[in-house]
Amino acid sequence: MKIRFLLIFIYFICSLSFTYGQSRKIIYIPDIPGYKTLKCDFHMHTVFSDGTVWPTVRVNEAWRDGLDAISITDHIEYRPHSKDIVSDHNRSYEIAEPLADNLNILLIKGAEITRSMPPGHLNCLFIKNANLLERENVMDAIREARDQGAFILWNHPGWKAQQPDTTLWWDQHTELLNKDLLHGIEVFNEKEYYPEAIDWAVGKKLTMFSNSDVHSPVSMLYDTDNSTRPLTLVFSRSRTKGGIREALFSRRTAAFFNNTLAGPAELLEALFFASVKLNNPQGPLKNGETKYITIENNSDIEYQLELVQPGIGFDVTENTVLRAHRVTALELRGNSEQVASNGELKIYYKVNNALVSSDANLIITLRISNN
Ligand code: ZN
């Protein structure tokens, strides 16, 4: 008996050490037809520029927070720790890469060109040699990044330090756009939101991003246990760096932060319908009768719905929230004889936390079989 208790005790001690091991969060944001939905953050710093953490910490954080891909984008022109950290611009990537490979985090090689406005701060993703971006003339630096095959995005376009009064699009950005030197823009950065950026992304065909731009440990900036840090959702053909690059250049992203999505309508619509399962009521709805349909939301995104126009022959719940990992019931009530003759009931909702422009929301149509 004593041996048995000893074995149980040893087993208990061993399982404790597993319990206190690292664990990775699972983010429930579904794939959409034809594409994997990758959870990414393409803007962060380490001690190799003005951050306060070692590069491998960024990889550990990404793994723990459930991310698929990150880019460490240390500043080229701003390195306040350079007396203590003496190295070239490729070092943060080189240090982080073996751990990223080990933990299956896709580490995209990046750097941030850091200039006054215009053009401001630009992230260059998929570069090959960050040292070559150290150029006196900003256009030379950006051209060098592009020649290395980089995807280039404008960071925090409405950052108050650089755009104190209004968020402006400058002539130099038009020049960059015309010369194929600008491909994307941040809609969300750290905890800020730039509505203008959505309209520029739509009008000028730029890819939308939501990035943390974190300098401290992530846990000092966000409560990632109870919410998600800013995520750029990339709709990629494969979970590979090449897949991400193709998706970014094809503008297949959505920006997600603070339970708000911004992106192209067709992608947000696909994401909404991949997130929910609609259950039809039994039998057709008749005049004066009440029936319920249920919507199961299997994603981490809470969808806020507002009715756009009345149903034909029926009333339906006007405002509702599809809470994450819950089933929500919608009440349908027939209000004319017309309802029974409709084989399909269409309900049009505006999704208040899904933005397709600075002042327009995604509209979805729920189609209810009424036979
Ligand atoms: Zn930055």
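Whatever order the structure lists ligands and atoms in, that order sets their numbers, starting from 1. Note: hydrogens, waters and symmetry copies are ignored here, and every other heavy atom, side chains too, is used.
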### Query
Quick one: do Glu246 and Arg237 make a salt bridge, cutoff under 4.0 Å?
yes
## Note on the structure
Residue set satisfying side-chain contact (heavy atoms from CB on, under 4.5 Å) with Lys128, at least two apart, ordered chain then number -> Gln148
### Message
Taking 2.8 Å as the distance threshold, tell me the number of protein N/O/S atoms next to the Zn ion (ligand 1).
### Response
4
#### Entry: salt bridge (charged side-chain N to carboxylate O under 4.0 Å, His left out) against Arg245, all qualifying residues, sequence neighbours excluded
none
### Summary
To the nearest 0.5 Å, atom OH of Tyr348 lies from atom OG1 of Thr365 at 5.5 Å
### Query
Got a sec, which pairs hit ring pair (Phe, Tyr, Trp, His ring centres under 6.0 Å) with one end in residues 103-122, sequence neighbours left out?
His75-His121, His121-His156, His121-Trp159
### Message
Pair Arg229, Thr224 - check side-chain hydrogen bond (donor to acceptor under 3.5 Å, both in side chains), show working.
### Response
CA-CA 6 Å; Arg229 57 197 262 185; Thr224 53; over 6 Å; no
